[in-house]
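Counting starts at 1 for both ligands and their atoms, in listed order.
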Amino acid sequence: MKQAPLARIDLPVDRIPDRWYNVLPDLPRAPDELLDPKSGKPLSQDYLERLLPRALAAQERSLERWISVPDEVAAGYRMWRPTPVYRAHALERELDTPAEIYFKYEGESPSGSHKLNSALAQAYYAKQEGVRRLVTDTGAGQWGTALALAGALMGIEVTVYMVRASYHHKPGRRHLMETFGATVLPSPGEFTNVGRFFLNEDPDHPGSEATAVSEALEVVYSDPESRFAMGAFANHVLLHQTLIGLEAREQLELVDREPDYLVASLGCGSNMGGLALPWVSDKLNGRDLTILAAEPEACPTLTGGEYRWDFADASGTGPLARTYTLGHDFVPPPIHAGGLRYHGAAPLAGLLRAEGLLDAIAYPQNEVFKAGSLFARLTGFLPAPETAHAIRAVIDVAQECKEQGRKATILFCYSGHGLLDLGAYGKFNAGELQDVETMAESLKAASSETGVPA
Ligand SMILES: *Cc1c(COP(=O)(O)O)cnc(C)c1O
């Protein structure tokens with residue numbers, strides 16, 4: 001080993017951004033407002049404030065370009081930020097590519113992923129406004145873990161509806177959430193009307209992010225002291241995640257580089273947005289920059305979905321959003337990248353795609369785990385299955401650079417570590433992972449219009 005497999009680029013702690021970057025004023029058009037399902041009109045501020053802490057409802061529509069990070073949230077960020085950027089020399093050598101490959105390592109957060117960046121802010125504002133409890137949905141448990149920890153740190157109760165398949169088959173993160181003090185319930189479950197409805201339809205319902213959202217919303221609407229916490233969908237979540245790109249930008253400047261490719265996995269779009277939004281206005285001003293989202297073939301929101309109005313939840317009671325969607329009644333097969341199993345992209349990610357600013361590619365899970373395992377052998381870092389989608393896409397980009405002899409700079413978001421996903425790696429190692437085809441039937445059924453103006 002002549003050269004270290006990884007080279008670390010650190011920022012001093014006083015360079016943690018003290019403001020989040022709000023892309024809304026810099027976009028070619030405003031994102032469509034969320035619609036009230038009953039009236040078909042934009043959600044009233046009252047409705048939003050019933051759903052979310054007031055400060056977050058305001059951030060959702062803010063047109064201020066920079067929003068200050070409150071001191072208490074900044075103190076939380078100092079537990080693990082700034083996160084390092086690494087140059088992956090070993091992967092460059094393995095691929096024999098002239099491209100340079102960098103990644104922003106969000107696996108360093110105490111909850112294991114980028115999700116704590118927003119969870120801390122959401123728990124802070126809720127506490128500040130006297131909310132007693134935050135209620136949320138989680139797929140594989142990454143978001144629930146982040147919110148459970150944020151709740152513990154900020155002193156607020158957390159209830160998590162966890163996708164039933166993960167609740168039973170991947171209890172690791174459930175135990176972690178419970179250790180952080182959260183109440184965790186399987187979705188669909190017996191404790192809400194909508195949960196009982198889904199179980200009645202199918203007693204073996206594996207659940208989805210969308211069923212969990214439906215249950216969490218029902219509980220919030222019935223309890224005036226509770227508010228909803230969103231892991232990804234909303235503008236304010238992508239806002240909080242911009243720390244990722246803001247820091248990474250400075251780190252690349254330290255080594256005199258600018259990215260030609262920004263790559264991230266996409267479930268809803270919060271780590272993609274967090275990485276890429278701080279560069280969107282450069283791209284709009286003519287910089288040659290590719291932003292690439294990697295998603296599972298089994299839940300191909302951007303590559304197989306349509307840009308239209310759809311419900312954010314499975315029951316069709318929540319707000320309507322205009323974005324890329326597979327249909328709110330699409331139940332993705334239980335693949336191992338649980339964080340990528342949501343039917344719709346964040347409206348901001350959908351808008352970037354619709355405006356031609358965001359490229360997308362989908363991969364089957366065996367290819368993804370192969371890329372994740374290769375990365376682990378080369379660097380010692382075991383990526384979350386979600387993150388491994390980004391790595392798989394980086395391999396494609398780096399190989400294309402090799403064919404074109406292009407010395408490009410690639411930056412990807414290492415959204416989380418995979419140390420609680422060892423069961424999935426075990427299955428892959430044993431050759432037992434199935435590649436699930438996109439369920440053509442579900443897609444067809446789900447693509448019927450919702451009857452709302454396009
Ligand atoms: C949740 C999650 C994702 C996907 O969610 P986005 O909103 O698209 O970022 C990706 N990676 C990890 C590690 C996650 O926990």
For the pair W66 and Y21, name the ring-plane relationship: parallel under 30°, tilted 30 to 60°, perpendicular over 60°. tilted
Subset of ligand 1 atoms that lie under 4.0 Å from at least one heavy atom of Q142: 13 (C), 15 (O)
Have a look at H114 and tell me which of S109, S270, S415 forms a side-chain hydrogen bond (donor to acceptor under 3.5 Å, both in side chains) with it. S270
Quiz question: by atom type and distance under 3.5 Å, do the side chains of T145 and S111 form a donor-acceptor pair? no
So is E386 polar-close to ligand 1, meaning N/O to N/O under 3.5 Å? no
Salt-bridge criterion met for E108 and R8 (N-O under 4.0 Å): yes
Can we say R287 and E258 salt-bridge, meaning some charged N sits less than 4.0 Å from an Asp/Glu carboxylate O? yes
Say whether E106 and N117, considering side chains only, have a donor N or O and an acceptor N or O under 3.5 Å apart. yes
When the ring planes of Y307 and Y324 are compared, do they come out parallel, tilted or perpendicular, using 30° and 60° as the limits? tilted
With nothing but distance in play, are any N or O atoms of G416 less than 3.5 Å from an N or O of ligand 1? no
Could you list the atoms of ligand 1 found under 4.0 angstrom from a heavy atom of N271? 6 (P), 8 (O), 9 (O), 10 (C)
K427 bridged to D421 by N-O distance under 4.0 Å: no
Which ligand 1 atoms, with their elements, are less than 4.0 angstrom from a heavy-atom of H114? 2 (C), 3 (C), 9 (O), 12 (C), 14 (C)
What orientation do F375 and Y414 show, parallel under 30°, tilted 30 to 60°, or perpendicular over 60°? tilted
Atom indices of ligand 1, in the order listed, that fall short of 4.0 Å to a heavy atom of G267: 4 (C), 6 (P), 8 (O)
Please work out which of K115, R173, H389 has its closest non-hydrogen atom nearest to atom 14 (C) of ligand 1. K115
protein heavy-atom neighbour closest to atom 6 (P) of ligand 1 works out as S270 N, 3.4 Å
Determine the interplanar angle of the W20 and H240 rings, folded into 0 to 90°, and report it as parallel if under 30°, tilted if 30 to 60°, perpendicular if over 60°. tilted
If we only count N/O pairs under 3.5 Å, is C268 in contact with ligand 1? yes
May I ask you to list the atoms of ligand 1 that are less than 4.0 angstrom from any heavy atom of L266? 8 (O)
Only heavy atoms of L340, strictly under 4.0 Å: list the atoms of ligand 1 that pass. 4 (C)
Give yes if a backbone or side-chain nitrogen or oxygen of G269 is under 3.5 Å from a nitrogen or oxygen of ligand 1, and no if not. yes
Provide, to 0.1 Å, the distance between atom 11 (N) of ligand 1 and the closest protein heavy atom, together with that atom's residue and name. S415 OG, 2.6 Å
List every atom of ligand 1 that sits less than 4.0 Å from any heavy atom of A232, numbering the atoms from 1 in the order shown and giving each element. 7 (O)
Test of proximity, T387 against ligand 1: N or O pairs below 3.5 Å: no
Determine whether any heavy atom of E106 lies closer than 4.0 Å to an atom of ligand 1. no
